[in-house]
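Heads up, the thing below is written out as structure tokens.
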Amino acid sequence: MAEGTDEGRNGNRDTSPNEAALSARLESLDQRLSKIRGHRKTGTDQPGDSSEDQAARSRGMALGFRLSSELIAGVVVGAAIGWGIDRLLSTSPFGFIVFFLLGFVAGVVNVVRSAGVASRNRR
């Protein structure tokens with residue numbers, strides 16, 4: 001009797017309007033996901049979508065490398081000057097610390113200027 005009841009429920013559930021609507025929605029979702037996956041595969045198989053996208057990516061990468069190199073250069077130059085002053089005047093580690101921090105500040109200022117956040121000439 002329990003088996004007959006389960007079969008009745010399964011059979012009844014398969015034909016219910018809610019199950020039919022859910023099955024239709026799942027099928028629609030599956031088709032949409034298949035289309036999206038297909039577009040992604042074709043998009044990744046090709047080297048680039050368009051030359052404009054590649055140019056924008058190239059400009060972004062160039063700007064990122066330029067900004068990071070300016071920050072690193074400021075810190076390295078400041079640290080080198082501080083180390084040199086410490087060796088020359090035997091004031092270790094105070095010159096290194098001071099010029100390291102000044103180099104960091106100079107690097108940040110250069111990055112802000114290069115990024116166009118602050119203008120070069122304030123009037």
Side-chain angles (χ1 to χ4, degrees):
M1 183 167 174
E3 291 177 13
T5 309
D6 287 340
E7 288 177 13
R9 285 185 193 162
N10 288 340
N12 194 14
R13 190 173 9 159
D14 289 339
T15 59
S16 70
N18 291 335
E19 282 295 318
L22 181 61
S23 294
R25 288 176 54 200
L26 285 174
E27 183 65 30
S28 171
L29 178 63
D30 186 41
Q31 290 173 356
R32 288 185 292 174
L33 286 174
S34 295
K35 286 180 185 177
I36 291 171
R37 288 180 184 143
H39 289 302
R40 282 188 182 169
K41 283 186 179 180
T42 58
T44 56
D45 290 342
Q46 298 172 356
D49 296 332
S50 69
S51 61
E52 293 175 2
D53 291 341
Q54 284 182 339
R57 266 190 217 122
S58 297
R59 284 192 302 269
M61 289 290 288
L63 179 63
F65 281 127
R66 190 175 93 206
L67 295 178
S68 63
S69 65
E70 286 186 11
L71 179 65
I72 291 170
V75 171
V76 169
V77 168
I81 291 172
W83 180 79
I85 287 177
D86 280 341
R87 297 286 289 186
L88 185 65
L89 302 176
S90 298
T91 58
S92 185
F94 300 110
F96 178 78
I97 292 171
V98 168
F99 280 94
F100 180 84
L101 293 175
L102 286 175
F104 178 75
V105 169
V108 169
V109 168
N110 283 336
V111 167
V112 168
R113 282 184 186 163
S114 294
V117 176
S119 65
R120 293 181 189 257
N121 296 326
R122 292 185 194 176
R123 292 183 185 190

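In this chain, residues are counted from 1 in sequence order.
- Phe94 belongs to no multi-residue hydrophobic cluster, having no ILVMFWY side-chain contact under 4.5 Å with any other such residue.
- Residues passing the side chain to side chain contact (heavy atoms under 4.5 Å, CB included) test with Val98 are Leu102, sequence neighbours excluded.
- Under the side chain to side chain contact (heavy atoms under 4.5 Å, CB included) criterion, Leu101 pairs with Ile97, sequence neighbours left out.
- With hydrophobic clusters built from ILVMFWY side chains whose heavy atoms lie under 4.5 angstrom apart, Val112 shares a cluster with Leu71.
- Not a single side-chain hydrogen bond (donor to acceptor under 3.5 Å, both in side chains) links Asn110 to another residue, sequence neighbours left out.
- Under the 4.5 Å side-chain heavy-atom criterion for grouping Ile, Leu, Val, Met, Phe, Trp and Tyr, Leu63 is connected to Val108 within one hydrophobic cluster.
- Checked against side chain to side chain contact (heavy atoms under 4.5 Å, CB included), Leu33 has the following partners two or more places apart in sequence or in another chain: Leu29, Arg37.
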List the atom pairs, with distances to 0.1 Å, where a side-chain N or O of residues 72-86 and a protein N or O form a donor-acceptor pair under 3.5 Å, not counting sequence neighbours.
from  : atom 1 : to    : atom 2 : distance (Å)
Asp86 : OD1    : Thr91 : OG1    : 2.8
Asp86 : OD1    : Gly95 : N      : 3.0
Asp86 : OD2    : Phe96 : N      : 2.8

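- Taking all atoms of both residues into account, the shortest heavy-atom contact from Ser114 to Glu70 is OG-OE1, 2.8 Å.
- For the pair Ser58 (side chain) and Gln54 (backbone), a donor-acceptor distance under 3.5 Å is present.
- For Arg25, there are no side chain to side chain contact (heavy atoms under 4.5 Å, CB included) partners, not counting sequence neighbours.
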